[in-house]
Student: 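What follows is a single structure, and I will ask about it in a moment.
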Amino acid sequence: MNPLTPSDSSNRRLLVTSALPYANGSIHLGHLVEYIQTDIWVRFHKLMGRECLYVCADDTHGTPIMIRAQREGIPPEELVARMRTEHQRDFAGFNIGFDNYHSTHSPENRALAEEIYLRLRQDGHIRTASVRQAYCEKDGMFLPDRFIRGICPSCGAADQYGDACESCSATYAPTDLKEARCAVCGSSPVARDSDHFFFKLADFETFLKYWIRSGAIQEQMANKLDEWFLAGLKDWDISRDGPYFGFEIPDAPNKFFYVWLDAPIGYMASTRHLCDRTGRDFDEIWRRDDRFEVHHFIGKDIYYFHTLFWPAMLHGAGFRLPTAVHAHGFLTINGQKMSKSRGSFLNARSYLDHLDPEYLRYYYAAKLSSRVEDLDLNLEDFTSRVNSDMVGKVVNIASRTAGFLRNRFGGKLAPVYPEDGGLFDRFVAHGEEIARHYEEREFGKAMGAVMRLAEEANRYVEQQSPWELAKKEGAEAALQASCSVALNLFKVLMTYLKPVLPAMADKVEAFLNVPPLSWENRVAPLADHEIGEFKHLMARVDPKKIEAMLTAARGESPPPPPAPAAAPATQTKGAAKSVEKVKTADSGAAKSAPAAAESHPGGGEIEIPQFSQVDLRVARIVAAESVEGADKLLKLTLDVGALGTRTVFAGIKSAYAPDALAGRLTVVVANLKPRKMKFGLSEGMVLAASGEGVGGLFLLQPDAGAEPGMRIK
RNA sequence: GGCGAGGUAGCUCAGCAGGUUAGAGCGGUGGACUCAUAAUCCUCAGGUCGGGAGUUCGAGUCUCCCCCUCGCUACCA
């Protein structure tokens, strides 16, 4: 038997977690893949009558939180509290049913982090070493790589992070960066030594090698981990110098636990909080492994924290190990990675403002498997799938038969469950297969099985033709019988869908006038029973609302303007590629076919507000010079009046000599997102005309009298 | 550059211990019906299974090479 699917025993007890969302950002649809996946799994186990505890918490520590709080002028505790409220509200909106939601900035977490650390230290798994790091004297703090910006030592690109160049992909130490600056205050950092604490991961190599092949993690993940073993396990730096928002390390003043040290411990802290609240025994869950299963659901991006550090920490500190770590892939939207700049970054809140959460729960369920695969949210597919499966197939069974029972029989089902040729029993029997799919996290297969049954139920109604029976004299019993059968089939299906659609299940329970549906009680058909009034169980997805959601999302972070025809044709290869992606994403989000939109980048109508998003300005070319190493680019220095001076790299060298440009006026896209190019930062785009197959490039120029900085509209 | 995942009908995906005419849902076509949220039921629609080579009596299904997409990573976890 697959170790990931423990044998079914009715007295299974489980603790289940989703990864802790970071308190620095909002919940988005990508996060929700995981929370919905976990929630469905948890609800399934509860539906089966098992004890299943679902805990989570906000992940609150680290430099990004500290700095953001500073910028907002509030204490980090306040920021963290606010984000937690927001997160919990979003989760509630999607019916994520945590049994406990806590915070890593909690006394429980501090106590457990200290306990684990001290235990590891006592057993010799912690060592100290001096580390040289960038230090900002003005801010009085060490700077993580991401908080250092400077010029890439390899290619000279400006404004790069301290660890790697986004322009040329070079990697380096922060100390190699030219003209390094603190990302917070802009001053130059200095190198400074400091003692750090390291967790000696290599002490656990043998144990880990065994554990990752024990069936606790997916094979794909285990394969990837082999790479790390091959490279050799390195000690893990678990301390940070103050100021740092986190927990101070025992016996080490002004040293704090690195955020990733105490984050997974948050699973335990939340458990403890739950136990204290409900009188359960924490030790029974986390200090021994024969009472509870412990399952972590995570994204594939954080697998090494959960499959190397985390089990090693637990093992070293004398706690139990997770029963399993389940990783899922990333979300794409219309085939593309979610992206703020492409306007496809959908927050949980934006979705909830326009659409029913149950749509998304079903759609994700229909596409989720146990494998580590990315999941694509294709919005057209989303609409047709939800509408046809949920409304057309499932809800329809009830909606087409409830009326007869209500109008002709006062809502009464047949006094005895009618002869149905074994249909009901087969529906019940399919529960075993569906349960197995749920258990194995093959939700897509589970949904497929349910839909096949829904089709069968509709076929049954078709064959019985209650609307014919309703017209026939003396066919009352047959009419009542066929509708009773259909509704009983519907009830079984809703039981199967309850983990995915808790809100609809509630409505159905009210409609059928029955106690909460459970896996066990699905076997008993309803007879001699009065149902309630049938009301709409689910509205169809309205494509207009999807459009509204996308528009709103774009409004939150305006995308680059639609590619003007005169975009400089010469950019680096990588940059050109990015521009194309932007186009594809935009056309994909619109209702026109992507292929058609791509072949006519200028096609498709837009509204004035969209056009107004492009800030076109008159600019005077103050200076123009050729760029060393670039054969098509000219570096232009532009005077844009009140907007100041801009540097723009334009691909017009083939048509203009630098000397001929100085002093003349032209048009610039002033709000184009600055693009890092190999030769420096380009802060806009000048407009020029060019024709397909026709040579030449013609820079736009306003009539005499225009002044630099004037808005063009 | 390294590693991982993937490229199957218009769309979303199954299939893969190699074996009869490659499947499903949606969309599309034609028909039926009118109870139902223009839902449902029946029928049809024929995609060189990314390209090439190989193994085999026989390959989406195995091997090798190549192309493309996505992601991670780049002696820094």
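Proteins come first, then strands; the chains are lettered A, B, ... in the order of their sequence lines, and each starts at number 1.
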Student: In residues 465-487 of chain A, which ones come under 4.0 Å of RNA chain B, going by heavy atoms?
Tutor: A:W467, A:E468, A:K471
Student: Verify side chain to side chain contact (heavy atoms under 4.5 Å, CB included) between A:R132 and A:S194, making sure each step is shown before the conclusion.
Tutor: CA-CA 6 Å; A:R132 173 161 292 190; A:S194 173; over 6 Å; no
Student: Taking RNA chain B as the partner, which of residues 192-207 of chain A come within under 4.0 angstrom of it by heavy atom?
Tutor: none
Student: Will you find, in the side chains of A:T332 and A:D376, an N or O donor that is under 3.5 Å from an N or O acceptor?
Tutor: yes
Student: Respond yes when some side-chain nitrogen or oxygen of A:R540 is under 4.0 Å from OP1 or OP2 of B:A39, and no when none is.
Tutor: yes
Student: Answer yes or no: does a side-chain N or O of A:R371 lie under 4.0 Å from OP1 or OP2 of B:A14?
Tutor: yes
Student: Less than 4.5 Å apart, side chain to side chain, heavy atoms only: is that true for A:Q480 and A:F404?
Tutor: no
Student: Is A:R459 near enough to B:C42 that one of its side-chain N or O atoms lies under 4.0 angstrom from OP1 or OP2?
Tutor: yes
Student: Scan side-chain atoms only and decide if A:D381 and A:Y363 contain a donor-acceptor pair under the 3.5 Å cut-off.
Tutor: yes
Student: Side chains of A:L29 and A:L360: closer than 4.5 Å at any heavy-atom pair?
Tutor: yes
Student: Tabulate atom names and distances for all N/O pairs under 3.5 angstrom spanning the protein and nucleotides 26-32 of chain B.
Tutor:
residue, atom, partner, partner atom, Å
B:C26, O2', A:S384, OG, 3.2

Student: Quick check on contacts: within residues 355-364 of chain A, what sits under 4.0 Å from RNA chain B by heavy-atom distance?
Tutor: none
Student: Could you name each residue pair satisfying side chain to side chain donor-acceptor pair (under 3.5 Å) that touches residues 462-475 of chain A, not counting sequence neighbours?
Tutor: A:R400-A:E462
Student: When A:W260 is tested against each of A:D59, A:D237, A:I302 for side chain to side chain contact (heavy atoms under 4.5 Å, CB included), which residue passes?
Tutor: A:I302
Student: What would the secondary structure line of RNA chain B be in dot-bracket form, counting Watson-Crick and G-U wobble pairs under 3.5 Å, with [ ] for pairs that cross earlier ones and | for pairs with another strand?
Tutor: (((((((..((((.....[...)))).(.(((.......))).).....(((((..]....))))))))))))....
